[in-house]
There are 2 protein chains.
Amino acid sequence: MKPSKKHCLTQQEIEEQLRGAGVQPTLQRILICQFVLCEADHPTAEEVHLWAEKNLAKISLATVYNTLNTLVDAGLLKELKFPHSDKVIYDDNMEEHYHFLDRKSGKLFDIAKGDVKISAQLAKQFQIQGFDLLINGNYQRDLKKGGSL
Amino acid sequence: MKPSKKHCLTQQEIEEQLRGAGVQPTLQRILICQFVLCEADHPTAEEVHLWAEKNLAKISLATVYNTLNTLVDAGLLKELKFPHSDKVIYDDNMEEHYHFLDRKSGKLFDIAKGDVKISAQLAKQFQIQGFDLLINGNYQRDLKKGGSL
DNA sequence: TAGGAGATTAGAATAGTTCTAAACTTAGAT
DNA sequence: ATCTAAGTTTAGAACTATTCTAATCTCCTA
Ligand SMILES: [Mn+2]
Ligand SMILES: [Mn+2]
Ligand SMILES: [Zn+2]
Ligand SMILES: [Zn+2]
């Protein structure tokens, strides 16, 4: 059970994705995509920048922000903000979905929309268009099956 | 149907509330409470400050922040943050409740917890402790009964 | 009616992000 | 291959919301 690489893409595939989204595939953008599209899990801009520094790339912080914003505008990334932090986090899961926040670690987990049912009985003035839901609680790794507390 | 004053309190009552919560009822704090507990609806610190300036009180911005934080710590106010804005908003509704955001106006409405049912079928690793829910959509004021679109 | 805790204040500091404007790179058009 | 214009990267300044600092002020109490 190794740290699942999610979806690994070759440099070629990343370049195609960028071009397909109308974004020039520069060296910096390809590198950042390698991280945010393949490796990272809900990273912040700061984390992207730190990763770049450690991985043979000196990319300015401005470029990190520029690139992340470009990817968001191109529809390859979503920008999210949660109440427990001031930092924007970037999400490569483009499905509509919710999140679970582990209070202890601060780690976020994707929750499929279908796993949650929300029904609201509101006055008819309220025309609902969408829900932002953050579930918070405790994430218990390594839980044995049928474990009593 | 006038702009319902929610719950109007006399200066005496405010002083009692403050003292009861272990907070010294200074002039500045009483004034700010008059606004946040009686008049305002999900205000930001900036709005509290602007209101003070217009209402015969020159209160420094630092005091506005100090007071709001004091009221939060004393349990008279809740501090909320939503994804559509960087500013903290203060909520005098101390019941657990959700919010509806009108996309057009940016206005927030309280939604009673009982009006919404949330049920999540998650893996047992996820031990749910609470939900942060923001419903967004369109608020249609002055809706006639049985209105077709 | 002093002493001292606590409150207020102006302004500096901070954090995350965006802006500015100059330098660099690239993609075409010759 | 060369030129040019458009697009990209960059360092650092600017910006916004909030907190901190440290001096002054207020108010309770002995
Ligand atoms: Mn953005
Ligand atoms: Mn606070
Ligand atoms: Zn996600
Ligand atoms: Zn509320």
Side-chain angles (χ1 to χ4, degrees), chain A residues 11 14-16 18-33 35-36 42-53 55-74 76-91 106, chain B residues 11 14-15 18-19 21-33 35-36 42-53 55-74 76-91 106:
Chain A
Q11 176 157 334
I14 287 172
E15 288 187 36
E16 275 160 39
L18 287 173
R19 254 187 275 271
V23 175
Q24 249 186 244
T26 65
L27 184 59
Q28 289 87 340
R29 286 171 178 169
I30 292 166
L31 271 173
I32 287 174
C33 282
F35 185 57
V36 299
H42 302 106
T44 63
E46 198 192 10
E47 286 164 356
V48 175
H49 190 222
L50 286 173
W51 175 89
E53 283 184 348
N55 283 69
L56 46 101
K58 188 200 146 295
I59 301 184
S60 81
L61 186 54
T63 298
V64 170
Y65 277 106
N66 288 345
T67 298
L68 291 170
N69 283 329
T70 298
L71 297 175
V72 169
D73 294 347
L76 298 172
L77 222 46
K78 274 196 297 199
E79 203 175 62
L80 303 174
K81 216 131 48 114
F82 292 106
H84 68 289
S85 161
D86 283 337
K87 305 184 186 181
V88 167
I89 72 106
Y90 295 89
D91 196 338
Chain B
Q11 176 158 335
I14 287 171
E15 289 186 38
L18 287 174
R19 254 187 275 268
V23 176
Q24 241 186 249
T26 65
L27 185 60
Q28 289 89 340
R29 286 171 178 171
I30 293 166
L31 271 172
I32 288 174
C33 281
F35 185 57
V36 298
H42 301 107
T44 62
E46 199 192 8
E47 285 164 357
V48 175
H49 191 221
L50 286 172
W51 175 89
E53 284 184 348
N55 283 69
L56 46 100
K58 189 200 148 294
I59 301 183
S60 81
L61 187 54
T63 298
V64 169
Y65 277 105
N66 288 344
T67 298
L68 292 170
N69 283 329
T70 299
L71 296 175
V72 169
D73 293 347
L76 298 172
L77 222 46
K78 273 195 300 198
E79 202 176 61
L80 302 174
K81 217 133 44 116
F82 293 106
H84 69 289
S85 162
D86 283 337
K87 304 183 186 181
V88 166
I89 71 105
Y90 295 91
D91 197 337

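Just so it is clear: chains get the letters A, B, ... in the order the sequence lines come, proteins before strands, and each one is counted from 1.
When distances are taken from the side chain of B/Gln28 to each of D/dT19, D/dT8, C/dT8, the shortest belongs to C/dT8. Nearest to the side chain of B/Ala62, among C/dT17, D/dT10, C/dG11, sits C/dG11. Nearest nucleotide to the B/Lys58 side chain, out of D/dT10, C/dT9, C/dT8: C/dT9.
Atom pair B/Lys81:NZ and D/dT16:C1' shows a separation of 12 Å (rounding to whole Å applied). At whole-Å resolution of the value, OH in B/Tyr65 and P in D/dT21 are 18 Å apart. Whole-Å rounding puts the A/Arg19 CZ to C/dT26 C1' distance at 12 Å. The nearest whole Å value for the distance from the CD1 atom in B/Ile32 to the P atom in C/dA7 is 13 Å. Rounded to an integer number of Å, the gap from B/Leu61 CG to C/dT8 C1' is 13 Å. In this structure, B/Asp86 places its CG atom 16 Å from P of D/dC15, rounding to the nearest Å. The OH-C1' distance, from B/Tyr90 to D/dA17, rounds to 10 Å in whole Å. Between A/His49 atom NE2 and C/dA15 atom P there is a gap of 16 Å when expressed in whole angstrom units.
Heavy-atom distances to DNA chain C give each of A/Leu27 and B/Ile59 a nearest nucleotide, and the one nearer the 5′ end belongs to B/Ile59. In terms of position on DNA chain C, the residue among B/Val23 and A/Thr26 whose nearest nucleotide sits closer to the 5' end is B/Val23. Of the two residues near DNA chain D, A/Arg29 and B/Ile89, the one whose nearest nucleotide lies more 5' is A/Arg29. Heavy-atom nearest nucleotides on DNA chain D were determined for B/Gln24 and for B/Val88, and the one closer to the 5' end corresponds to B/Val88.
Between B/Leu18 and B/Leu76, some side-chain heavy-atom pair lies under the 4.5 Å cut-off. Contact annotation: the side chain of B/Lys81 approaches that of A/Asp86 to within less than 4.5 Å [non-hydrogen atoms, C-beta and beyond]. In this structure the side chain of A/Glu79 reaches within 4.5 angstrom of the side chain of A/Asn69, judged on heavy atoms.
Residue A/Asn66 has no polar side-chain atom (N or O) positioned under 4.0 Å from OP1 or OP2 of C/dT18. The side chain of A/Thr63 contributes an N or O atom lying less than 4.0 Å from OP1 or OP2 of D/dT10.
Between B/Ile32 and the options B/Ile59, B/Thr70, B/Ile14, a side-chain contact (heavy atoms from CB on, under 4.5 Å) holds for only B/Ile59.
Of the possible donor and acceptor atoms, one in the side chain of B/Glu47 sits under 3.5 Å from a partner among the backbone N and O of B/Thr44.
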